[in-house]
Amino acid sequence: MDKTILNHNYQNQQPNILATFCAKAARLNGIIDLSIGDPDFTTPREIIKEAFQQANKGMTHYSDTVGLKSLRNTICDYYRQQYSLNFNSSEVLITTGAEHGMYILLQAILEPGDEVIIPEPCFSPYIDQVEMAGAHAIMVPTSGNDGFKVHSSQIAKMITTKTKAIIVNSPNNPTGDVMDDEEMKELAQLAKDNNLLLISDEIYADYIMPGHHFTPLATYAPSSTVTINGMSKSFAMTGWRIGYMIGPSWLLKGAQAVNDAITFAAPTISQVAAEYALKYHDKFSQPITKELLRRLQFLEKEINALKKFKVSPIGGSIYAFVDIRQTRLSSLEFANQLLDREKILVIPGIAFGNSGEGFVRIAATQKMGALKEAVKRLQHFEIQLG
């Protein structure tokens with residue numbers, strides 16, 4: 001027996017840029033890792049304590065397959081209080097992380113030959129998951145010259161009779177762009193006019209830079225939008241693997257059917273932790289988000305003071321997307337040389353699609369001391385480049 005037993009998609013896999021870089025960095029000492037989107041905070045102790053106490057009381061069994069009713073109600077309460085959006089618990093499905101939520105949703109709605117429009121640069125698993133469902137990812141390029149804005153007029157040109165959905169991510173990973181209300185209204189109207197589903201990944205919703213604001217896309221197209229979100233970024237709960245989706249109940253029933261065949265239910269103890277975290281959202285999330293945004297502001301200021309590197313305007317997220325085009329290096333060459341010479345690990349923009357070429361992504365997920373040292377090394381690297 002050999003690898004021909006594998007699905008043909010996995011017999012001759014293309015190298016994974018992210019995995020390759022991380023493996024290379026693991027062999028080096030003194031690395032400043034600015035690659036990973038995992039906040040360096042430990043989950044707030046009160047959240048851990050609450051989960052531990054509930055586990056001791058017996059919360060160690062399966063929950064309902066759609067998730068704990070109390071957690072779904074808490075999510076509804078949060079959206080009503082925070083955004084004046086009214087959902088009921090039947091419109092919420094708890095998932096094993098936001099990425100898992102995206103997967104089961106796409107499996108539920110897509111058939112072979114369908115098309116899903118995705119603006120790029122983008123979180124690359126979107127593309128993989130669309131293709132896993134037998135559908136085609138139709139990429140819409142955006143430009144660093146205008147901050148990677150998503151233009152509905154460009155998306156409209158890509159719509160065909162096979163188009164079923166549009167995936168958007170605001171605040172955006174990797175670019176940091178945040179769609180404004182007018183852009184969202186235009187996109188919502190486009191979806192309504194063409195009977196398309198909007199899939200809105202809002203995992204970075206709490207990370208908004210001063211001068212910007214976040215509005216859930218469901219505000220403008222509630223019956224056409226599925227919101228994907230989770231606890232990983234806002235509460236430093238990446239390892240708990242807990243997320244959720246909000247959308248029409250008839251649609252979530254389809255996603256639930258897929259979920260029943262994969263994980264049955266999200267981890268009960270993680271759901272308990274998520275409920276407690278969301279009930280006291282501001283108390284737990286603000287210290288984390290405030291610090292990471294402070295770091296982003298530092299990176300934006302210091303990198304923009306250099307001659308060859310400029311940060312794409314940051315509206316939100318936890319990343320700085322740095323324009324390196326003046327170096328005349330590809331993003332892959334730049335990232336490799338930066339790692340070899342200065343031991344700084346960043347992600348080349350090409351990992352997020354062709355529109356990301358000429359940029360690298362820097363995560364603000366290290367303490368300020370490490371970021372200051374990284375800036376010094378960037379300065380030294382710039383001098384070496386001449």
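These numbers come from a predicted model, not from an experiment.
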Notebook entry, point to check: Salt bridge check: are K49 and E46 linked by an N-O gap of less than 4.0 Å?
Noted result: no

Margin query: Taking L198 as the starting point, is it possible to reach V226 by hopping between hydrophobic residues whose side chains are less than 4.5 Å apart?
Written below: no

Notebook entry, point to check: Is the shortest heavy-atom distance from the side chain of I155 to the side chain of P119 under 4.5 Å?
Noted result: yes

Check: Would you say K279 has more than 12 foreign heavy atoms packed within less than 6.0 Å of its NZ?
Finding: no

Check: When hydrophobic residues are tied together by side-chain contacts of less than 4.5 Å, even through go-betweens, does F87 share a cluster with L217?
Finding: no

Margin query: Around atom CZ of R80, are there more than 12 heavy atoms from other residues, nucleotides or ligands closer than 6.0 Å?
Written below: yes

Check: About how many Å separate NE2 of H151 and CD of E186, when rounded to the nearest 0.5 Å?
Finding: 9.5 Å

Notebook entry, point to check: Quick one: are K301 and Q297 in side-chain contact, heavy atoms under 4.5 Å?
Noted result: no

Next item on the list: Working to the nearest 0.5 Å, report the span between CD1 of I303 and CD of Q379.
Entry: 10.0 Å

Notebook entry, point to check: How far apart are the C-alpha atoms of L93 and I104, what are their side-chain angles, what is the distance that settles it, and do they pass the side-chain contact (heavy atoms from CB on, under 4.5 Å) test?
Noted result: CA-CA 11 Å; L93 176 63; I104 63 174; 3.9 Å; yes

Check: Under 3.5 Å, is there a donor-acceptor pair between the side chain of S330 and the main chain of E333?
Finding: yes

Note to self: Check this for me: does any side-chain nitrogen of one of D64 and K69 sit under 4.0 Å from a carboxylate oxygen of the other?
What the structure shows: no

Next item on the list: Check the pair T365 / I36 against side-chain contact (heavy atoms from CB on, under 4.5 Å), numbers first and verdict last.
Entry: CA-CA 7 Å; T365 50; I36 192 168; 4.3 Å; yes

Notebook entry, point to check: So, for I262 and Y103, which heavy atoms are closest and what is the spacing to 0.1 Å?
Noted result: CD1-CE2, 3.6 Å

Checklist line | Heavy-atom donor-acceptor pair, R72 side chain to I94 backbone, under 3.5 Å | finding: no

Item checked: Residues D193 and Q189: side-chain donor-acceptor under 3.5 angstrom -> yes

Check: How far apart are the closest heavy atoms of C122 and P174, and which atoms are they?
Finding: N-CD, 4.1 Å

Item checked: Straight-line distance of I208 CD1 to I314 CD1, nearest 0.5 Å -> 12.0 Å

Note to self: Ignoring hydrogens, what is the shortest heavy-atom contact between M158 and M139? Give both atom names and the distance.
What the structure shows: CE-O, 3.9 Å

Check: If you draw a 6.0 Å radius around OH in Y83, do more than 12 non-hydrogen atoms from other residues or ligands fall strictly inside?
Finding: yes

Checklist line | Stepwise side-chain contact (heavy atoms from CB on, under 4.5 Å) test for M102 and E99 | finding: CA-CA 5 Å; M102 180 73 74; E99 193 171 353; 5.6 Å; no

Notebook entry, point to check: Y126 vs F123 aromatic rings, parallel, tilted or perpendicular, using cut-offs 30° and 60°?
Noted result: perpendicular

Check: Would a hydrophobic clustering, with Ile, Leu, Val, Met, Phe, Trp and Tyr connected at side-chain separations under 4.5 Å, put I344 with F298?
Finding: yes

Check: Of the options F321, F359, F334, which is the one that meets F309 in a ring pair (Phe, Tyr, Trp, His ring centres under 6.0 Å)?
Finding: F334

Next item on the list: Go through the steps for M59 and L68 under the test side-chain contact (heavy atoms from CB on, under 4.5 Å), then give the verdict.
Entry: CA-CA 11 Å; M59 290 291 285; L68 293 171; 4.2 Å; yes

Next item on the list: Please indicate whether N195 has more than 12 foreign heavy atoms, meaning atoms of other residues, nucleotides or ligands, lying under 6.0 Å from its CG.
Entry: no

Next item on the list: Give the ring-plane orientation class for H281 versus F235, where under 30° counts as parallel, over 60° as perpendicular and anything between as tilted.
Entry: perpendicular

Checklist line | Hydrophobic cluster membership, I362 vs L371, 4.5 Å side-chain cutoff | finding: yes

Next item on the list: Examine distances only and state if a side-chain atom of S270 and a backbone atom of I242 form a donor-acceptor pair shorter than 3.5 Å.
Entry: no

Check: Do you know which two heavy atoms are closest between S70 and E275, and how far apart they sit?
Finding: OG-OE1, 2.7 Å

Next item on the list: Taking all non-hydrogen atoms of both residues into account, name the closest pair between A135 and D114 and its distance.
Entry: CB-O, 3.2 Å

Check: Heavy atoms, side chains only, cut-off 4.5 Å: are Q337 and L385 in contact?
Finding: yes

Item checked: Side-chain heavy atoms of L332 within contact of P348, under 4.5 Å -> yes

Check: Minimum heavy-atom separation for I109 to A165, with atom names?
Finding: CD1-CB, 4.2 Å

Notebook entry, point to check: Does the side chain of I203 come within less than 4.5 Å of I228's, by heavy atoms?
Noted result: no

Item checked: Nearest-0.5 Å distance, OG1 of residue T43 to CH2 of residue W240 -> 6.0 Å

Next item on the list: For N169 and N172, indicate whether the former's side chain and the latter's backbone hold a donor-acceptor pair under 3.5 Å.
Entry: no

Next item on the list: Please examine the side chains of T219 and P216, heavy atoms only from C-beta on, and report whether any two atoms are closer than 4.5 Å.
Entry: yes

Next item on the list: Could you tell me whether the side chain of S224 and the main chain of K192 form a donor-acceptor pair under 3.5 Å?
Entry: no

Notebook entry, point to check: Got a donor-acceptor contact below 3.5 angstrom from the T65 side chain to the A265 backbone?
Noted result: no

Check: Which distance, rounded to the nearest 0.5 Å, do you find between the CG of L251 and the OG of S223?
Finding: 11.0 Å

Check: Does one side chain, of D38 or T238, offer a donor that lies under 3.5 Å from an acceptor on the other?
Finding: yes

Check: Are any non-hydrogen side-chain atoms of I246 and I75 less than 4.5 angstrom apart?
Finding: yes

Item checked: In one Ile/Leu/Val/Met/Phe/Trp/Tyr side-chain cluster, 4.5 Å: L190, I138 -> yes

Note to self: Taking E382's backbone N and O only, do any of them form a donor-acceptor pair with K307's side chain (distance below 3.5 Å, no angle check)?
What the structure shows: no

Item checked: No-hydrogen, no-angle side-chain donor-acceptor test under 3.5 Å, N229 and T227 -> no

Next item on the list: To the nearest 0.5 angstrom, please state how far the CD atom of E300 sits from the OG atom of S312.
Entry: 9.0 Å

Next item on the list: Give the ring-plane orientation class for F284 versus Y276, where under 30° counts as parallel, over 60° as perpendicular and anything between as tilted.
Entry: tilted

Item checked: Contact check, side chains of N259 and T95, non-hydrogen atoms, under 4.5 Å -> no

Next item on the list: Return yes if a side-chain donor-acceptor contact under 3.5 Å exists between E342 and Q384, otherwise no.
Entry: yes

Notebook entry, point to check: Do any N or O atoms from the side chain of S200 and from the backbone of E202 form a donor-acceptor pair under 3.5 angstrom?
Noted result: no

Notebook entry, point to check: Side chains of Q54 and E50: do they bring a donor and an acceptor to under 3.5 Å?
Noted result: yes

Item checked: Other residues, nucleotides, ligands: >12 heavy atoms within 6.0 Å of F264 CZ -> yes

Notebook entry, point to check: Side chain of K185, backbone of Y220: donor and acceptor closer than 3.5 Å?
Noted result: no

Checklist line | Side-chain donor or acceptor of T268 paired with backbone N/O of H61 under 3.5 Å | finding: yes

